[in-house]
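What follows is a single structure, written as C-alpha cells, with notes after it.
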Amino acid sequence: MQPIDYQYWGLIDYRLAWDKQEQYFHSAIEAKAQGEEPANVLIFCEHPHVLTLGRNGDTHNLLYSETFLQEQGVSLYRTNRGGDVTYHGPGQIVGYPIFDLEQFGLGLKQYIYLMEEAIIRLLNSYGLTGERLEGATGVWLDKDKPARARKICAIGVRSSRFVTMHGFALNVNTDLSYFRLINPCGFVDKGVTSLQQELGQEVDMEDCRERLQTYFLQLFVPKG
C-alpha cells in the first residue's frame, strides 16, 4: 500500500508536464509488471494558454485555425486522454492523479466518480452546488436548467493496467474568453464558468488547492 505523494508544479508548459506524467505513468506500469506496488502521485499545476484535443476528439470543435491560435499565443496538442477539446490556462487548477487503482479497490468509472466528488465537495465549501450531468464527465452548475447549465470542471483520463494519468481542469480564476475558441468538450449548447465568476471575486489559488488536496486525500484511501 503506497500513500499519495502530493506535488505542486506551479505554472508549467503543457508538453513538459505531459512528458513528466508519462515518466511516472510508465514507471508505475513497469513496477506492477515486476510485482511491486507503484507510488501514487497527485499533481496540481497551471498551464500557459493551451488547447488539448482528446484521442477521439472532433477537430470541428476547434473553431479557429492553428495559425490563428499561434498568433493568439495559444498552443494546441493532440493528446492520448479521453474526452474532446478543452482549454487550459492560468487561473485553473489542473490535476494529474497518477494512481494505481488496484491499490484503492477502484474501477475506472468509480475513479472518475470520486474525482468528480472531490470537486463537488470543494464547490460546496464555497457555497456552490456542483452536479454531475448524465452522459458527460465533469462537474456542472444548474444542470437541470438547459438555458443556464454551465461547466466548471472538465475531466479526461487515460488508463492502462489500472494506472491513470491526465485528469481534470477546474476553472478558478480562469479567463473564460479563451473558451470561445472551441466548443468546450464538444458541447455547443452549454456554457462554462469559474469560481471567480460564480462568487463575484477573485479566489485565493493556494487556499483552493489546499482544500482540494484535502478532499482528494479523504476520498482516495489506499486499501491496506
Side-chain angles (χ1 to χ4, degrees), residues 1-10 12 17 20-21 24-25 27-28 31-32 37-47 81-83 86 88 91-134 136-143 151-159 161-174 193-196 198-199 202-224:
M1 178 181 70
Q2 294 285 350
I4 294 175
D5 173 21
Y6 170 73
Q7 300 182 17
Y8 175 56
W9 287 356
I12 182 173
K20 292 178 71 173
Q21 277 192 84
Y24 279 112
F25 179 72
S27 292
K32 291 188 72 173
E37 285 192 331
N40 296 297
V41 184
L42 175 63
I43 299 152
F44 287 172
C45 64
E46 297 178 54
H47 294 306
R81 62 163 172 79
T86 194
H88 298 314
Q92 275 185 340
I93 296 177
V94 180
Y96 297 131
I98 303 174
F99 289 172
D100 173 17
L101 297 184
E102 289 186 311
Q103 292 184 43
F104 299 92
L106 298 173
L108 190 59
K109 287 185 178 180
Q110 295 167 301
Y111 164 67
I112 291 173
Y113 184 93
L114 287 181
M115 190 154 42
E116 292 168 337
E117 182 64 25
I119 303 297
I120 289 169
R121 292 187 183 186
L122 173 75
L123 295 177
N124 186 62
S125 76
Y126 287 98
L128 299 173
T129 301
E131 300 173 290
R132 298 175 181 86
L133 181 64
E134 187 174 353
T137 58
V139 179
W140 302 74
L141 302 180
D142 288 330
K143 73 177 181 70
K151 194 170 196 175
I152 196 167
C153 180
I155 290 177
V157 303
R158 176 188 177 196
S159 70
R161 300 188 180 180
F162 291 97
V163 176
T164 66
M165 65 175 288
H166 297 295
F168 69 89
L170 172 68
N171 297 326
V172 183
N173 298 318
T174 314
T193 191
S194 66
L195 270 170
Q196 182 181 30
E198 296 298 322
L199 299 176
E202 188 171 343
V203 175
D204 184 307
M205 290 290 289
E206 183 176 0
D207 176 64
C208 194
R209 286 192 299 269
E210 288 177 356
R211 295 190 198 195
L212 188 53
Q213 178 192 356
T214 296
Y215 294 127
F216 260 88
L217 296 181
Q218 287 176 355
L219 288 164
F220 290 94
V221 181
K223 307 298 181 184

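- Using a distance-only test at 3.5 Å, with no hydrogens or angles considered, a donor-acceptor pair links the side chain of D204 to the main chain of D207.
- Using a 4.5 Å heavy-atom cutoff, the side chains of K32 and Q103 are not in contact.
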query = Given the rule in the side chain to side chain contact (heavy atoms under 4.5 Å, CB included) test, do R209 and Y6 qualify, once you have shown the distances and angles that lead to the verdict?
reply = CA-CA 11 Å; R209 286 192 299 269; Y6 170 73; 4.2 Å; yes
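- Between F168 and L212 there is a side-chain heavy-atom pair separated by less than 4.5 Å.
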What donor-acceptor contacts under 3.5 angstrom involve side-chain atoms of residues 107-116, with partners at least two apart or in another chain?
unit_1, atom_1, unit_2, atom_2, d
Q110, OE1, G107, N, 2.7
E116, OE1, R132, NE, 3.0
E116, OE2, G138, N, 3.0

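- Looking at R211, its side chain does come within 3.5 Å of a backbone N or O of S125 through a donor-acceptor pair.
- Closest non-hydrogen pair, I152 versus L195, comes out as CD1-N, 3.7 Å.
- Taking each heavy atom of G167 and P97 in turn, the nearest pair found is CA-CD, 4.0 Å.
- Among all heavy-atom pairs drawn from I98 and Y24, the shortest one is CD1-CB, 3.5 Å.
- In terms of heavy-atom proximity, V172 sits nearest to C208 at CG2-SG, 4.1 Å.
- Taking the side chain as every heavy atom from C-beta outward, C45 and Q7 never approach each other to under 4.5 Å.
- In this structure a side-chain-to-backbone donor-acceptor pair under 3.5 Å is present from N40 to D100.
- Side chains of T86 and K151 form no contact here, defined as non-hydrogen atoms less than 4.5 Å apart.
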query = Can you check side chain to side chain contact (heavy atoms under 4.5 Å, CB included) on L42 and F220, steps first, answer last?
reply = CA-CA 10 Å; L42 175 63; F220 290 94; over 6 Å; no
task = Apply side chain to side chain contact (heavy atoms under 4.5 Å, CB included) to F25 and R158, showing your working.
result = CA-CA 10 Å; F25 179 72; R158 176 188 177 196; 3.6 Å; yes
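- Closest of all the heavy-atom pairs between T174 and G91 is OG1-O, 3.3 Å.
- Looking only at distances, no side-chain donor or acceptor of T164 sits under 3.5 Å from a matching main-chain atom of S159.
- By the 4.5 Å heavy-atom criterion applied to side chains, Q92 and H47 are not counted as neighbours.
- Environment of CZ in F162: sparse, with no more than 12 heavy atoms of neighbouring residues, nucleotides or ligands closer than 6.0 Å.
- Relative ring orientation between F99 and F216 is described as perpendicular, the plane-to-plane angle rising above 60° on a 0-90° scale split at 30° and 60°.
- In this structure a side-chain-to-backbone donor-acceptor pair under 3.5 Å is present from T137 to I155.
- Using a 4.5 Å cut-off on side-chain heavy atoms (C-beta onward), L141 and T129 make no contact.
- Here the side chains of M205 and F44 are not in contact, with every heavy-atom distance at 4.5 Å or above.
- Looking only at distances, no side-chain donor or acceptor of Q21 sits under 3.5 Å from a matching main-chain atom of M165.
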task = Could you go through the side chain to side chain contact (heavy atoms under 4.5 Å, CB included) check for F104 and I4 one step at a time?
result = CA-CA 11 Å; F104 299 92; I4 294 175; 4.1 Å; yes
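- Judged by distance alone, the side chain of N173 and the main-chain N or O of Q196 form no donor-acceptor pair under 3.5 Å.
- I43 places none of its side-chain heavy atoms less than 4.5 Å from the side chain of K20.
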